[in-house]
Participant: 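First, the structure itself, so that you have it in front of you.
Throughout, residue positions are numbered sequentially from 1 according to the sequence presented. Atoms considered below: every heavy atom in the structure, side chains included; atoms not considered: hydrogens, waters and symmetry mates.
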Amino acid sequence: MFLPVSRRQEWHEVTPDGTSTLGHHVESTGIPLTEVGPLTVSGRLVPVSYQLAPGDVAEVAAMPRPQPLPGDARFLLDVHLGTLARRLRLLGLDAAYHNDMDDPALVAQANAEHRVLLTQDRGLLRRRALWLGAYVRGSDPADQLRDLLGRFSPPLRPWSRCTACNGELDPVDKGEVAPMLESGTRRSYDAYGRCRDCGQVYWRGAHSGRLEEIVRSALSWAGGTTPG
């Protein structure tokens, strides 16, 4: 999918120049190295820094799924993926998002906080300084979410995170938040949560049927499991 239409063929011939690495040759076709899995030459695994010799045949595999993460599942989404960010938070995933952050700042935050940078900008994924990134497939947020869950298989904790700011929700006594609620809400619901960062109050009845369906679908894609 990353290759130009004119170059979508199984084999590509390159001329070794004594300096370009295998990783450079792969990226020159249009494929970010974040999307590349094992590289082999003559049946043996080689690093992206391997330099091709005349007659070498290199095989480039896609990144295996699910892709293991070096630590907790923490994400940072670029400015074009705001809807996906809110859906990840709805599922309890740590998803940082800013609608005004440029590419260098995104890379800096991803590196500093060890977050996987999610984007559809292949140029951003090719930045050498980026520690870990992933291309998000699909134009529809539902397709993007399914792709992400299939790629990383992160543990889900629906309704545990603030969809507005990404903070975690803590149970809160009804009496503490009663002044903030409409009278109908106070009469109808007794269990509430409050974001420990921004103070937003949530209650289960506030979730529309559409949000419930997003959670149900995501749990079915993830095997229906959540951490205990």
Side-chain angles (χ1 to χ4, degrees), residues 32-38 61-78 80-98 106-107 109-120 124-125 130-138 140-172 191-228:
L33 291 181
T34 58
E35 310 311 300
V36 171
M63 180 63 70
R65 294 187 174 216
Q67 178 183 348
L69 292 174
D72 296 333
R74 307 180 74 214
F75 303 101
L76 172 63
L77 294 86
D78 76 6
H80 303 292
L81 296 175
T83 299
L84 178 60
R86 290 188 292 274
R87 293 191 180 198
L88 293 178
R89 294 169 180 176
L90 178 65
L91 299 173
L93 293 172
D94 187 342
Y97 170 77
H98 314 275
L106 284 168
V107 172
Q109 182 178 353
N111 292 350
E113 300 177 7
H114 274 208
R115 294 180 180 274
V116 183
L117 180 55
L118 304 179
T119 182
Q120 294 184 323
L124 181 53
L125 292 176
L130 179 62
W131 86 289
L132 187 59
Y135 184 88
V136 178
R137 304 187 186 196
D140 181 80
D143 294 335
Q144 294 170 352
L145 179 60
R146 186 166 191 167
D147 176 64
L148 183 72
L149 297 181
R151 175 159 181 169
F152 294 110
S153 191
L156 307 181
R157 295 188 303 122
W159 319 112
S160 65
R161 195 170 284 274
C162 177
T163 57
C165 80
N166 196 43
E168 293 187 82
L169 303 184
D170 292 324
V172 61
Y192 296 87
R194 181 166 57 192
C195 176
R196 62 178 63 167
D197 292 338
C198 74
Q200 176 72 36
V201 176
Y202 292 84
W203 58 97
R204 193 57 181 263
H207 307 317
S208 69
R210 183 178 64 85
L211 297 184
E212 296 277 2
E213 179 56 32
I214 290 172
V215 171
R216 282 195 296 269
S217 296
L219 290 175
S220 69
W221 299 333
T225 59
T226 58

Participant: Nearest heavy-atom pair of Leu124 and Val107: which atoms, and what distance?
Facilitator: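 Between these two residues, the closest heavy atoms are CD1-CG2, 3.9 Å.
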Participant: Looking at side-chain heavy atoms only, is the closest gap between Pro64 and Pro38 below 4.5 Å?
Facilitator: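 Pro64 vs Pro38: side chains touch.
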Participant: CG of Leu84 to CZ of Phe75: how many Å apart, nearest 0.5 Å?
Facilitator: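 Reported value, rounded in 0.5 Å steps: 9.5 Å.
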Participant: State the CZ-OG distance between Arg65 and Ser153, to the nearest 0.5 angstrom.
Facilitator: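 OG of Ser153 is found 11.0 Å from CZ of Arg65.
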Participant: Not counting sequence neighbours, which residues clear salt bridge (Lys or Arg N to Asp or Glu O under 4.0 Å) with Arg194? List them please.
Facilitator: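 With sequence neighbours excluded, Arg194 shows a salt bridge (Lys or Arg N to Asp or Glu O under 4.0 Å) to Glu176, given in chain and number order.
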Participant: Would you say the side-chain atoms of Gln120 pair up with the backbone N or O of Gly138, donor to acceptor, closer than 3.5 Å?
Facilitator: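 Answer holds: yes.
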Participant: Does atom CG (Asp143) have a neighbourhood of more than 12 heavy atoms from anything else shown, all under 6.0 Å?
Facilitator: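 For Asp143, atom CG is crowded (more than 12 foreign heavy atoms under 6.0 Å).
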Participant: Taking the side chain from Gln67 and the backbone from Phe152, do they hold a donor-acceptor pair closer than 3.5 Å?
Facilitator: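 Side chain of Gln67 to backbone of Phe152: no pair is present.
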Participant: Ignoring hydrogens, what is the shortest heavy-atom contact between Thr163 and Tyr202? Give both atom names and the distance.
Facilitator: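 Result for this residue pair: N-OH, 3.3 Å.
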Participant: Between Glu213 and Arg216, is there a salt bridge with N-O shorter than 4.0 Å?
Facilitator: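 A salt bridge links Arg216 with Glu213.
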Participant: Side chains of Leu125 and Tyr135: closer than 4.5 Å at any heavy-atom pair?
Facilitator: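 The answer is yes, as the side chains (C-beta and beyond) meet within the 4.5 Å cut-off.
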Participant: Drop me the distance from Thr83's OG1 to Gln144's CD, to the nearest 0.5 angstrom.
Facilitator: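 Between atom OG1 of Thr83 and atom CD of Gln144 there are 8.0 Å.
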Participant: Once rounded to the nearest 0.5 Å, what's the spacing between atom CH2 of Trp159 and atom CG of Leu90?
Facilitator: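 That separation rounds to 5.0 Å.
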Participant: Report the C-alpha distance between Leu69 and Arg74 in whole Å, list the side-chain angles of each, state the deciding distance to 0.1 Å, and finish with yes or no for side-chain contact (heavy atoms from CB on, under 4.5 Å).
Facilitator: CA-CA 9 Å; Leu69 292 174; Arg74 307 180 74 214; over 6 Å; no
Participant: Between Leu106 and Leu77, what is the shortest heavy-atom contact and its length?
Facilitator: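 Answer, listing the atom of Leu106 first, then Leu77: CD2-O, 4.1 Å.
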Participant: Hey, is Arg161 close enough to Asp197 for a salt bridge, meaning N to O under 4.0 Å?
Facilitator: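 No, Arg161 and Asp197 are not salt-bridged.
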Participant: Is there side-chain contact between Thr34 and Leu132, with at least one heavy-atom pair below 4.5 Å?
Facilitator: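 Heavy-atom side-chain distance check fails, nothing below 4.5 Å.
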Participant: What's the shortest heavy-atom distance between Ile214 and Leu145, and which atoms?
Facilitator: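 Closest pair (atom of Ile214, atom of Leu145, distance): CG2-CD2, 4.2 Å.
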Participant: What are the two closest non-hydrogen atoms of Cys195 and Gly167, and how far apart are they?
Facilitator: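 Smallest interatomic distance, heavy atoms only, reads SG-CA, 3.8 Å.
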Participant: Which label fits Trp131 and His114: parallel for a plane angle under 30°, tilted from 30 to 60°, or perpendicular past 60°?
Facilitator: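 Answer is parallel, since the angle falls under 30°.
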Participant: Taking the side chain as everything from C-beta on, heavy atoms only, tell me whether Pro141 gets closer than 4.5 Å to Arg87.
Facilitator: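 A side-chain contact under 4.5 Å exists here.
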Participant: Measuring from Gln109:CD to Asn111:CG, what's the distance to the nearest 0.5 Å?
Facilitator: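 Gln109 atom CD to Asn111 atom CG measures 10.0 Å (nearest 0.5 Å).
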Participant: Determine the minimum heavy-atom distance between Tyr192 and Val201, stating which atoms define it.
Facilitator: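 Reported closest heavy-atom pair: CD2-CG1, 4.1 Å.
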Participant: Under the salt bridge (Lys or Arg N to Asp or Glu O under 4.0 Å) test, which residues partner Arg151, sequence neighbours left out?
Facilitator: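 If we apply the salt bridge (Lys or Arg N to Asp or Glu O under 4.0 Å) test to Arg151, skipping adjacent residues, the hits are Glu35.
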Participant: Between atom CG of Leu93 and atom CG of Asp72, what is the distance when rounded to the nearest 0.5 Å?
Facilitator: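 Going from the CG atom of Leu93 to the CG atom of Asp72 covers 11.0 Å.
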Participant: Check side-chain hydrogen bond (donor to acceptor under 3.5 Å, both in side chains) between Arg137 and all other residues, then give those that pass, not counting sequence neighbours.
Facilitator: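 For Arg137, no residue satisfies side-chain hydrogen bond (donor to acceptor under 3.5 Å, both in side chains) once neighbours in sequence are set aside.
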